[in-house]
Amino acid sequence: QLQLVESGGGLVQPGGSLRLSCAASGFTLDYYVMGWFRQAPGKEREGVSSISENGGSTQYADSVQGRFTISRDNAKKTAYLQMNNVKPEDSAVYYCAASILDRTTTDEHDYAYWGQGTQVTVSA
């Protein structure tokens, strides 16, 4: 079974920070590109960030660049999204995903494995 489980979501004030985690099981994480996506009510799913198999390359949506940082620890089979200086428009369900593509990508169609999502709410 290939599983991804997100955690770390919750309520945070604008300007605050939050770290999301994505724990993988059932496969060797270092064979996969990892991505973070988000979807707010009434909005399309948006690719937030992506990181290469060894962590050497990263990719960010313009909306989060400079505020969010993606990372991974393959030994722990975990990917992370550090969210700093969060804004109300960051509120969404955040999903992690794994891809067999050999480059970073924020196109959801490149990802075959998905977590169940974790809610992030940014509110004053």
Side-chain angles (χ1 to χ4, degrees):
Q1 297 285 341
L2 306 179
Q3 291 186 295
L4 301 170
V5 179
E6 303 94 335
S7 62
L11 178 65
V12 61
Q13 295 185 17
S17 296
L18 204 64
R19 188 176 76 159
L20 306 183
S21 298
C22 175
S25 64
F27 60 96
T28 303
L29 191 66
D30 55 302
Y31 291 158
Y32 295 86
V33 167
M34 299 298 296
W36 285 96
F37 295 79
R38 66 187 182 186
Q39 188 165 26
K43 305 289 186 180
E44 294 185 2
R45 187 155 55 188
E46 175 189 18
V48 174
S49 187
S50 180
I51 187 167
S52 60
E53 297 95 323
N54 64 358
S57 298
T58 58
Q59 180 179 340
Y60 298 93
D62 289 344
S63 57
V64 307
Q65 192 164 255
R67 300 186 298 117
F68 292 7
T69 303
I70 190 170
S71 62
R72 65 193 297 161
D73 186 335
N74 290 340
K76 295 181 178 179
K77 294 186 175 182
T78 304
Y80 305 93
L81 186 68
Q82 179 68 44
M83 306 168 60
N84 294 331
N85 190 26
V86 296
K87 303 175 180 179
E89 51 263 45
D90 295 322
S91 296
V93 177
Y94 283 71
Y95 301 89
C96 70
S99 174
I100 62 171
L101 207 65
D102 61 354
R103 56 174 173 84
T104 60
T105 174
T106 52
D107 185 343
E108 63 179 323
H109 299 102
D110 292 326
Y111 290 83
Y113 308 103
W114 293 82
Q116 84 291 341
T118 185
Q119 177 71 50
V120 173
T121 303
V122 183
S123 177

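Along the sequence shown, residues carry numbers from 1. Basis for what follows: all heavy atoms, side chains included, without hydrogens, waters or symmetry-related copies.
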**Asked** If you measure only the distance, is there a donor-acceptor pair under 3.5 Å linking the side chains of S63 and E89?
**Response** no
**Flag if over 12 foreign heavy atoms under 6.0 Å of CD, E44** = no
**Message:** I'd like to check R38 versus V64 (side-chain heavy atoms, cut-off strictly below 4.5 Å). Are they in contact?
**Reply:** yes
**Item:** Gap separating the CD atom of E6 from the OH atom of Y94, nearest 0.5 angstrom
**Value:** 12.5 Å
**Request:** Step by step, work out the side chain to side chain contact (heavy atoms under 4.5 Å, CB included) result for T106 and W36.
**Result:** CA-CA 8 Å; T106 52; W36 285 96; over 6 Å; no
**Prompt:** How far apart are the closest heavy atoms of Y95 and G115, and which atoms are they?
**Reply:** CD2-O, 3.6 Å
**Prompt:** Tell me, do L11 and S123 make a side-chain contact under 4.5 Å, heavy atoms counted?
**Reply:** yes
**Message:** Can you tell me how far apart CD1 (I100) and OH (Y113) are? Round to the nearest 0.5 Å.
**Reply:** 7.0 Å
**Prompt:** Which heavy atom of A98 sits nearest a heavy atom of L4, and at what distance?
**Reply:** N-CD1, 3.7 Å
**Message:** Please give me the minimum heavy-atom distance between A92 and A40, naming the atom from each residue.
**Reply:** CB-N, 3.8 Å
**Complete:** So CH2 of W114 and CZ of R45: to nearest 0.5 Å the spacing works out to 4.0 Å
**Prompt:** Looking only at heavy atoms, which two atoms of M83 and V120 are closest? And how far apart?
**Reply:** CE-CG1, 3.9 Å
**Asked** After noting the C-alpha distance and the side-chain angles of Y111 and V33, does the key distance pass the side chain to side chain contact (heavy atoms under 4.5 Å, CB included) rule?
**Response** CA-CA 9 Å; Y111 290 83; V33 167; 3.7 Å; yes
**Prompt:** Would you say the side-chain atoms of N74 pair up with the backbone N or O of N54, donor to acceptor, closer than 3.5 Å?
**Reply:** no
**Request:** Check whether I51 and F68 end up in the same hydrophobic cluster, where Ile, Leu, Val, Met, Phe, Trp and Tyr are linked by side-chain heavy atoms less than 4.5 Å apart.
**Result:** yes
**Whether S50 side chain and T104 backbone form a donor-acceptor pair below 3.5 Å** = no
**Request:** Output, in order, the C-alpha distance, side-chain angles, deciding distance and verdict of side chain to side chain contact (heavy atoms under 4.5 Å, CB included) for Q82 and S17.
**Result:** CA-CA 7 Å; Q82 179 68 44; S17 296; 4.0 Å; yes
**Message:** Hydrophobic cluster membership, with links at side-chain heavy-atom distances under 4.5 Å among I/L/V/M/F/W/Y: are I70 and V12 in one?
**Reply:** yes
**Asked** How many angstroms lie between atom CG of L101 and atom OH of Y32, to the nearest 0.5 angstrom?
**Response** 13.0 Å
**Asked** What distance separates S52 OG from M34 CE, expressed to the nearest 0.5 Å?
**Response** 12.0 Å
**Request:** Mind checking the CD-CG spacing from Q13 to L18? Nearest 0.5 Å is all I need.
**Result:** 12.5 Å
